[in-house]
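Notes follow the structure.
Below, all heavy atoms of this structure are taken into account, side chains as well, without hydrogens, waters or symmetry copies. By convention in this document, chain letters (A, B, ...) are assigned in the order of the sequence lines, proteins followed by strands, and residues within each chain are numbered from 1.
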2 protein chains.
Amino acid sequence: MRTPEGDALSDLVLDLFRLDSLLLTAGDRLVAPLGLTSARWQVLGAIVAAERPQPVAWIARDLGGNRQNVQRIINDLHKEELVAFEVNPHHRRAQLVVLTRKGQRTFRAAMELQAPWIDDLSDGLSVKDIRTVHRVIRSLRDKLEGNGEVEESV
Amino acid sequence: MRTPEGDALSDLVLDLFRLDSLLLTAGDRLVAPLGLTSARWQVLGAIVAAERPQPVAWIARDLGGNRQNVQRIINDLHKEELVAFEVNPHHRRAQLVVLTRKGQRTFRAAMELQAPWIDDLSDGLSVKDIRTVHRVIRSLRDKLEGNGEVEESV
DNA sequence: TTATAATTGACATTATAATGTCAAATTTGG
DNA sequence: CCAAATTTGACATTATAATGTCAATTATAA
């Protein structure tokens, strides 16, 4: 009915869902003392990771999340003064999102909490296997992101 | 700051989140014609996977989801006559959840849609690598589920 | 048996996420 | 320069998920 690869991947998917939910919950617990959640942490991370300040819609695209939700999260972060908006020379309405001092401190604190936690979580695994996992995950991700775009050759 | 394993795992996590969300969305699209969603499909799967009919709370535990949400989903499935409740000889209130004929047909139809889809998704990957991924995922899952229970030896 | 704790479904409330629409602003193509 | 398409943030609505509480029921232990 299915290929051996399809079977193996099928077996994997449910555990993947479960792991995802466990990671989110663990992340929530980890950074709760900082007033963060997994979602907020991820948004801060996307802002840090970007080379230059971006408007909300771009950050949402980077995250693969939907625009309105990311907007809400960033507005929340703004209320708590973790991010600020800067004038965008290229767009009057779409302001650029940057971390405030407080935002930088909070993000750094989160990463400092993360280090021992992820070290412990990875204990017993080999870098080689983790890389294999990463490669497969990326491959699946890429395949799913190429939304069946059958590009018409002009 | 982090071990090499911790670093590698860190790199992995964000892609894992993204993949998860892509898989859920793809699943939603796949089974939408059947009136299902990823969440409903998963609940049906848990009912099928269990050896014997279970009350809602047990299914929720199997799924690692929260009880109230699973209850809501199962009530929805009940309204659409995909599941039915049976008297539980061991508990007056906690009825046993079973699939109706329609539920069985729908679940089977979902799996038939899934087969070619997952075959295609797994194309290009080796069973060996997929199994490695599964093993690592399971290991992480187990570690996160053992909620720091420092069992006291009596 | 009795009392104490744990489980379970129902209900209510809140939080988060997803979807759709709109007007302002920008970009694109001519 | 102009018109059409796209992007963007704001807003509203709905859907889904999470959290807390309660009474009924069952399980456990004394």
Expressed in angstrom and rounded to an integer, what is the separation of B:Asn69 atom CG from C:dA15 atom P? 17 Å
Give the cluster check for B:Val48 versus B:Leu77: same hydrophobic cluster or not, with ILVMFWY residues linked at side-chain heavy-atom distances below 4.5 Å. yes
Letter per nucleotide, 5' to 3', of nucleotides 2-14 of chain C [B base touched, S only sugar-phosphate touched, - untouched; heavy atoms, 4.0 Å]: ------BBBB---
Separation of atom CG in A:Asn66 from atom C1' in C:dT21, rounded to whole Å: 15 Å
Give the residues of residues 34-42 of chain A touching DNA chain D, defined as any heavy atom closer than 4.0 Å, sorted by residue number. none
To the nearest 0.5 Å, tell me how far A:Arg141 CZ sits from B:Leu16 CG. 11.0 Å
Distance-only side-chain donor-acceptor flag, B:Thr37 / B:Asp28, under 3.5 Å: no
Check whether any side-chain heavy atom of A:Arg2 lies under 4.5 Å from a side-chain heavy atom of B:Trp117, and answer yes or no. no
If pairing means Watson-Crick or G-U wobble with both distances under 3.5 Å, then the partner of D:dA30 is C:dT1
Can you tell me if B:Arg72 and B:Asn69 form a side-chain donor-acceptor pair at under 3.5 Å? yes
Shared hydrophobic cluster for A:Leu121 and A:Met111 (ILVMFWY, side-chain gaps under 4.5 Å): yes
How many Å lie between CG on B:Asp28 and P on C:dA17, as a whole number? 16 Å
Separation of C:dA15 C1' from B:Arg72 CZ (nearest whole Å): 13 Å
Taking for A:Gly65 and for A:His90 the nucleotide of DNA chain C with the nearest heavy atom, the one nearer the 5' end belongs to A:Gly65
Would you check if A:Arg61 and A:Trp58 make a side-chain contact, meaning some heavy-atom pair closer than 4.5 Å? yes
To the nearest angstrom, how far is A:Phe85 atom CZ from D:dT8 atom P? 15 Å
For B:Thr3, what residues pass the side-chain hydrogen bond (donor to acceptor under 3.5 Å, both in side chains) criterion, not counting sequence neighbours? A:Asp119
